[in-house]
Amino acid sequence: MTANPDAIDHVHMARALQLAALGRNSTAPNPTVGCVLLDATGVVAGEGWHQRAGQPHAEVLALRGAAIRARGGTAYVTLEPCSHYGRTPPCADALIEAGLRRVVAAMQDPNPRVAGDGLRKLEAAGIVTVIGVLEREARELNRGFVARMSRGRPWVTVKLGSSADGRTALADGSSQWITSESARADVQRLRARASAIVTGIGTALADDPALTVRDRTLDLGGRVPLRVVLDSRGRFEPGLQLARDGLPTLVFSSKAGVQSLAHLAEARPAALQFEPMPADSAGQIDLDAMLRRLAALECNEVLVEAGPRLAGSFLAAGLADEIVLYIAPTILGDTAQPAFALPRPLRALSERPQYSYHDVRQVGADLRLTLRPVETRS
């Protein structure tokens, strides 16, 4: 049966969320999950968190630590225990076999293969279930997985670095470096969390970026974020770092663009792939279709590191779940390039995209603003 939470439930769920966060960069495409097990007397008997895809889930690791002390106890799990066979057996079955009395879950699993079945299986076995303890925090931790499962698109973060007057490069494109070394180091954290890093062909040709996670202290569990280049006219060049370093890179182009790149087919490394993608009404890559393709490739979170036009296109299409803007205390003037170039001019202030400050903090000499749409989407 389903019951209401106890006062102590929030304390133990907060610890389970701390554990889950340890796997934030390494579990994709799986969700991050933490588990705390109490014995029948209310003493912590085991803890665990999912560390990487294909390895044991949080509940299994916590049960290993608790052993026979789990019988008659309570499990705190940040996500509903799975009820299906994937690369590992169902966690709901493991909890039942351990003889638990009570299971507290922060949120229901948005995966259609689970979607309440795990809780129903526990209840059918006579285990008391509680759902919704610190749910907001749990959803935030798994925002990408929730987005992919519930709407068929990844969570999209658009990252930019600008001057205090909102300029991202000089008129000639010079932009290295506007923001501080501390801000650039902080970007590595965003890249580590991402399943895919998206840029435009203009940025790829002008800056020749690697789009890799250079901070070796960040544990990605052997995972390498997919680099994605949007290249509607087939201008991709084999001399770019994205083509030469052998790391996974996917270039989306039009059918004609892919055909024009066919000469690279024999010479390209296996990690470099070209794929046709529909165009929007302006002849550019259809961003919604592109994101749905990335979701089909099991990308939970997408980081966009691009120039003002592509960044503006994501905003105008309503596809940016979050903007992370690093603002340096410097001025570049009105001839410098803007942070966002919207596809068409606004006709009235009422048309402007509106955001709220989700987080504001100083990073080195710069400010880091995290903005989210006023009308949040699941």
Side-chain angles (χ1 to χ4, degrees), residues 153-154 156-162 166-176 178 187 190-191 194-212 225-245 247-258 260-261 264 272-294 297 299 301-326 336-344 353:
R153 295 197 316 269
V156 175
T157 296
V158 176
K159 186 277 298 181
L160 289 162
S162 81
R167 302 291 170 163
T168 58
L170 298 180
D172 65 1
S174 301
S175 62
Q176 296 182 343
I178 295 174
V187 171
L190 298 180
R191 290 184 180 179
S195 300
I197 303 170
V198 173
T199 195
I201 187 61
T203 298
L205 294 173
D207 298 341
D208 193 19
L211 301 181
T212 55
L226 174 68
R227 285 96 55 91
V228 177
V229 181
L230 307 188
D231 178 18
S232 59
R233 291 183 288 165
R235 295 189 290 150
F236 191 85
E237 295 180 357
L240 294 173
Q241 287 192 76
L242 295 168
R244 293 185 288 104
D245 61 15
L247 297 176
T249 303
L250 178 56
V251 180
F252 287 123
S253 187
S254 62
K255 281 188 177 181
V258 170
S260 72
L261 295 168
L264 299 178
L272 177 60
Q273 300 292 325
F274 299 95
E275 187 171 319
M277 184 59 55
D280 61 18
S281 58
Q284 302 301 312
I285 298 296
D286 186 310
L287 297 182
D288 183 74
M290 182 272 299
L291 291 173
R292 293 188 182 280
R293 173 58 179 152
L294 292 181
L297 294 174
C299 292
E301 294 200 27
V302 166
L303 176 64
V304 178
E305 296 193 48
R309 290 186 179 179
L310 183 54
S313 294
F314 271 97
L315 267 62
L319 295 173
D321 297 295
E322 179 176 82
I323 301 169
V324 176
L325 182 60
Y326 296 89
Q337 297 183 16
F340 300 98
L342 298 177
R344 63 174 181 82

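Reckoned from all heavy atoms, side chains included, excluding hydrogens, waters and symmetry mates. Owing to the predicted nature of the structure, the values given are computational and were not obtained by experimental measurement. In what follows, residues are counted from 1 in the order of the sequence shown.
At a threshold of 4.5 Å between non-hydrogen side-chain atoms, the residues L230 and L287 count as touching.
A search for salt bridge (Lys or Arg N to Asp or Glu O under 4.0 Å) contacts involving R235 returns nothing, not counting sequence neighbours. With sequence neighbours excluded, the residues forming a side-chain contact (heavy atoms from CB on, under 4.5 Å) with D208 are L240, Q241, R244, listed by chain and number. Remark: F236 engages F274 in a ring pair (Phe, Tyr, Trp, His ring centres under 6.0 Å) (not counting sequence neighbours). Under the rule for a side-chain contact (heavy atoms from CB on, under 4.5 Å), S260 has no partner lying at least two apart in sequence or in another chain. Taking the side-chain contact (heavy atoms from CB on, under 4.5 Å) definition, one finds that P248 meets it with V224, L226, sequence neighbours left out. In terms of the side chain to side chain donor-acceptor pair (under 3.5 Å) criterion, R233 has no residue partners (sequence neighbours excluded). Residues passing the salt bridge (Lys or Arg N to Asp or Glu O under 4.0 Å) test with D280: none are found, sequence neighbours excluded. A search for side chain to side chain donor-acceptor pair (under 3.5 Å) contacts involving E275 returns R293, not counting sequence neighbours. Partners of S253 under the side chain to side chain donor-acceptor pair (under 3.5 Å) rule, at least two apart in sequence or in another chain, do not exist in this structure. Under the side-chain contact (heavy atoms from CB on, under 4.5 Å) criterion, A317 pairs with L319, not counting sequence neighbours. Remark: R227 engages D245, T249 in a side chain to side chain donor-acceptor pair (under 3.5 Å) (not counting sequence neighbours).
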Review item, side-chain donor-acceptor pairs of residues 301-314, under 3.5 Å, at least two apart:
from : atom 1 : to   : atom 2 : distance (Å)
E301 : OE1    : R143 : NE     : 3.4
E301 : OE1    : R143 : NH2    : 3.3
E301 : OE1    : R193 : NE     : 3.4
E301 : OE2    : R143 : NE     : 3.3
E301 : OE2    : R193 : NE     : 2.7
E301 : OE2    : R193 : NH2    : 3.3
E305 : OE1    : K159 : NZ     : 3.2
E305 : OE1    : R191 : NH2    : 3.1
E305 : OE2    : R191 : NE     : 2.7
S313 : OG     : R309 : O      : 2.9

